[in-house]
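One structure is given below, encoded as C-alpha cells.
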Number of protein chains: 2
Amino acid sequence: MDQLRETLKGHHLRTTTCREDVLSTFINKKNALSHGDLEGVLGENYDRVTIYRTLKTFLEKGIIHKVLDDEGLRYALCSQNCSEEKHHHDHIHFKCNECGETNCLENLHIPAVQLPKGYQPENFNLLIQGICPNCK
Amino acid sequence: MDQLRETLKGHHLRTTTCREDVLSTFINKKNALSHGDLEGVLGENYDRVTIYRTLKTFLEKGIIHKVLDDEGLRYALCSQNCSEEKHHHDHIHFKCNECGETNCLENLHIPAVQLPKGYQPENFNLLIQGICPNCK
DNA sequence: GTTCATTTGCAACAGAGTTGCACACCATTT
DNA sequence: AAATGGTGTGCAACTCTGTTGCAAATGAAC
C-alpha cells in the first residue's frame, strides 16, 4: 500500500484513492488494460471521467504507456522508471488470439531493421499475435 | 478503371461505384487512410455508413488491412493477394511524426525475434515512428 | 484547523462506429 | 429488353468511447 504512495509521489502526483486503486489494478492484473476493463473493476467506486483522467495523468507522468492492437487501445505499466521527460518505449507486446490478453515482453529487444534511405526512426513498437503459454 | 472491376471481381464482390471509388482512393493516395480521410474525399457522394460498410467488406475479403498507430485506426491495401481465407500480415508501418502519414514498408521483413518458451507467434506487426524522407 | 491548489463527480457534449429497415441497384435469367 | 432475387445503399436512430466546463470535495502544507 505504501508502495503505491511511493510510486505516485515519485512521479509527482498526489495520492488519491482513485489513483491508488487504478495503479494497484495495473499491478495485480499483469496484462494490458483498457479503460473499459478498469471501469469494469472500479466503475462502482469512481466516475468514468475520473478514470479517463487518471489514465491521462498516468500517461503524461510516465507511469503507463499505450498498447495498441487491432481491437483498440490499452495501457500497461512502464517497466523502466519513465518520467514526464523521458519515456522508454521500444516495446514488444504479445497478444493472445485465444484469451485476448496482451502482455509486455519486457526482456526482449526489437532487432534492428534496415530502413530505406531517408527514414529517421524514433521509436519502435512490435505487436506479435499468436497463442500464449497459458492457452497452448 | 477495368483494373478496379477486376480486383473487386477477384475478391467476389459486386462492382458498385462506391466500392470503385474507395478502392481507387486507396490506390491513388499511397498511404494508409482512416474512415475520416475517405469521408473527406467521398463524403459528398456516399453516406458515412456506406463507407464504413465498404471498409468492413474490404477487410473481410482481404483487399485492405488495419493499420494502428497511437492516433487511431487506419487502413491500407494488402500488397499480396490476400483472400477471405488467408491474410498475409507481417507488416512494417512507418508513421511520420511530422506530416502524420503512415505508410507500409513493403519490401522489408521483420527480423526474427526469440520469444520466451511457450509463445506461439502467428503474425507480426511493427510500427516505427519517426521522420519520413519527405519531412526531413 | 485553515487555506489553496488539485482532483472529482456530474451533466452535457462530440465523434466514431453500429443497426434496422425501406428503397435502389447489380447481375442473372428468361 | 424486362422481370427477378439477392445484395448494397441511404436515412434515422442509437450505442460506445472519449472530452470539456463547472461546482463541490479532497489532499498537502502551513
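Chain letters run A, B, ... following the sequence lines, proteins first and then strands; every chain starts at 1.
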Got a sec: does the CG of N28(B) have more than 12 other heavy atoms crowding it under 6.0 Å?
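For N28(B), atom CG is crowded (more than 12 foreign heavy atoms under 6.0 Å).
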Which of these nucleotides, [options], is closest to any side-chain atom of [X]?
X	options	result
Y52(B)	dG17(C), dT19(C), dG18(D)	dG17(C)
V49(A)	dG18(D), dT19(D), dG10(D)	dT19(D)
D47(A)	dA27(C), dC11(D), dG9(C)	dG9(C)

Please give, in whole Å, the distance from [N] [atom2] to [X] [atom1]?
X	N	atom1	atom2	answer
L8(A)	dT6(C)	CG	P	16 Å
E71(A)	dT18(C)	CD	C1'	17 Å
N45(A)	dT26(D)	CG	C1'	17 Å

Ignoring hydrogens and angles, tell me if any N or O in the side chain of N97(B) forms a donor-acceptor pair with the backbone of G100(B) under 3.5 Å.
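The answer is no, because no donor-acceptor pair under 3.5 Å joins these two groups.
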So, OP1 or OP2 of [N]: does either fall under 4.0 Å of a side-chain N or O from [X]?
X	N	value
T50(A)	dG9(C)	yes
T15(B)	dC26(C)	no
T16(B)	dT9(D)	yes

Want to settle it: does C18(B) or R14(B) sit nearer the 5' end of DNA chain D, counting the closest nucleotide to each?
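The residue closer to the strand's 5' end, by nearest nucleotide, is R14(B).
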Path from [X] to [Y] over hydrophobic side-chain contacts below 4.5 Å:
X	Y	value
F58(A)	V67(A)	no
I110(A)	F94(B)	yes
L38(A)	L4(A)	yes
I51(B)	L77(B)	yes

Ignoring hydrogens and angles, does a donor from either the side chain of [X] or the base of [N] sit under 3.5 Å from an acceptor on the other?
X	N	result
R48(A)	dG18(D)	yes
R53(B)	dG17(C)	no
R19(A)	dG27(D)	no

Does T17(B) or H35(B) map to a spot on DNA chain C nearer the 5' end, using the closest nucleotide for each?
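Comparing both residues, the 5'-ward one is H35(B).
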Angle, rounded to 10°, between the helical axes spanning five pairs at each terminus of the helix from dG1(C)-dC30(D) to dT30(C)-dA1(D)?
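Axis-to-axis angle, ends of the helix: 30°.
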Heavy atoms under 4.0 Å, any strand shown: does T57(B) hit a base, just sugar-phosphate, or nothing?
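The residue T57(B) makes no contact with any strand.
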Should R74(A) and H93(A) count as side-chain neighbours, where that means a heavy-atom distance under 4.5 Å?
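No - every pair of side-chain heavy atoms lies 4.5 Å or more apart.
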